[in-house]
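Chain identifiers are assigned alphabetically (A, B, ...) following the order of the sequence lines, protein sequences preceding nucleic acid strands; residue numbering begins at 1 within each chain. A quick note: this is a predicted structure, and the numbers were derived from the prediction, not measured. Computation of the quantities below employed the complete heavy-atom set of this structure, encompassing side-chain atoms and omitting hydrogens, waters and symmetry-equivalent molecules.
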Amino acid sequence: MTDTGTHTPSARLHARGSLSDSLLHILEGHPDAVEPLTTWHDAVDDALARATDLITDEDIQFTLFVLYTLHTGGLTDPDGIWEWNGDLLAGRARLEAAFERQLRATVPVPDLPRGERAAVAATLFELTQPSPGPSLARFLAKKATLDQAREFLIQRSVYTLREADPHSWAIPRLHGRSKVALVEIQSDEYGAGRADRQHAAIFARTVEGAGLDATYGAYLDDIPAVTFASLNLMSMFGLNRRLRGAIAGHLAAFEMTSSIPNRSYADGFRRLGFGDDVTEYFDEHVEADAVHEQIAAHDLAGALAEDEPALLADILFGASACLMVDELMADHIRESWEAGRSSLRTR
Amino acid sequence: MSGDDRSGAAVRISPYPDGPLIVRGDVVITGPDGEDIVPTRRTVALCRCGISAIKPFCDGTHKLMNFRTEAPAED
Ligand code: FES
């Protein structure tokens, strides 16, 4: 079985601008051996002063991604000596504040329902209703070439080879029935006691079955900012206790927009001639996420709104932010393909 | 699951509004051909709209046909 997440990446990390350059240099050293990281704080200042759209800012999103991996390992800092460095955390907090500010200003949030379980679930189902019109899932099912299908797996790999981890940050940050619901979902994500059934491990088999490298980080240089933004959004929501409403809403929206597209993804890979070893991941998610979406909408998000009424607005903000950012990512991929281009980052 | 469960029941079946039945606990389902269908997960969703492509399990398609389990509320 492919063990995701513990391999050392085959490629070194490459900076995308002065901010990530500063971070990668710092990570080569030792925290005790340095003065307060003034160059880092200056680099954060400069990056934020320069940024216009954080979601598509290659330097900022890549930097945030690397910072979050300090908590999960597998890319840099093998001994974990930088994880709790105060300067890096302070810089991350400033990047997160700017990212969150942009999201709060742009994410459309629906009218708040009554803070009751059923009403919250109903609002979430309405918000996530399958929409007609062009979609990445339909493109993949009907038209994608072999190269595009592989590209899709590369785009998915930064999150999916570590599937479910960002939402797990929320477990100790929730209490009572919403925690129980989250653990019920996450246990299924992590294989319910069977290592080979972990969704990340099933996805690694898909990646390898499609002739790609399942080593975590193997394609990092190809990943565009918007794809990192989708993952960074979850990490930010999950790691900040004040945003626990948003991570609950995020997971609900994520699960509620999964079953139906996954059927299309499976159809696409079958159309291209792949067998069960490659389609298993998508087939599994049709069934799994039809379960998860019910639990996430009612027992996680709905129950949390009842237990902590002050979080209601953030539950819907998190759900809407998930939909907006993931749609930006999906549109980027589909529009690139429709224009005959690759969706991967151009270097 | 979401409330106290002191009933000691081995299996709990919960209807979710406008969606499937969620089944928690060890069950074996008998398929139409008499073959056992052993769920691969601890919690399963059973289709009750009738159009799932992976029956007896729900595949989320009920959302595409606006499946309703309750009569619309009168207001
Ligand atoms: S109840 Fe979900 S597909 Fe039938």
Task: Heavy atoms of other groups near A:Glu327 CD, more than 12 under 6.0 Å - done: no
Open item on the list: Would you say that B:Leu64 contacts A:Pro130 through its side chain, given a criterion of any heavy-atom pair below 4.5 Å between the two side chains?
Closed with: yes
Task: Crowding at CG, A:Asp277 (>12 non-hydrogen neighbours, <6.0 Å) - done: yes
Open item on the list: Looking at B:Asp33, I'd like to know if its CG atom is crowded, meaning that more than 12 non-hydrogen atoms belonging to other residues, nucleotides or ligands lie closer than 6.0 Å.
Closed with: yes
TODO: Give a yes or no on whether a salt bridge exists between A:Arg263 and B:Asp59, defined as a side-chain N under 4.0 angstrom from a carboxylate O.
DONE: yes
TODO: Give a yes or no on this: more than 12 heavy atoms of other residues, nucleotides or ligands lie within 6.0 Å of atom CG of B:Asp36.
DONE: yes
Open item on the list: Counting only non-hydrogen atoms closer than 4.5 Å, does A:Ser187 touch chain B with its backbone (N, CA, C, O), its side chain (CB onward), both, or neither?
Closed with: side chain
Open item on the list: Please rank B:Ile22, B:Val44, B:Ile54, B:Thr43 by heavy-atom pairs under 4.5 Å with chain A and give me the top one.
Closed with: B:Thr43
- [ ] Mark yes when over 12 heavy atoms from residues, nucleotides or ligands other than B:Lys55 sit less than 6.0 Å from its NZ; otherwise mark no.
- [x] yes
Task: Note: B:Arg24-A:Asp299 ion pair, threshold 4.0 Å (strictly below) - done: yes
- [ ] Indicate yes or no: at least one non-hydrogen side-chain atom of A:Asp188 is less than 4.5 angstrom from one of B:Arg42.
- [x] no
Task: chain A contacts, top residue of B:Ala53, B:Cys47, B:Gly60, B:Ser52 (heavy-atom pairs, under 4.5 Å) - done: B:Gly60
Task: Nearest-0.5 Å distance that lies between atom CD in A:Glu287 and atom OG1 in B:Thr40 - done: 5.0 Å
Task: Ion pair check, B:Lys63 and A:Glu126, cut-off under 4.0 Å - done: no
Task: Heavy-atom contact with chain B under 4.5 Å, split by part of A:Ala122 - done: neither
Open item on the list: Measuring only between side-chain heavy atoms, which start at C-beta, is A:Gln294 closer than 4.5 Å to B:Cys58?
Closed with: no
TODO: Count the heavy-atom pairs under 4.5 Å between each of A:Gln129, A:Glu284, A:His292 and chain B, then report the option with the highest count.
DONE: A:Glu284
Task: More than 12 heavy atoms from other groups under 6.0 Å of CZ on A:Arg114 - done: no
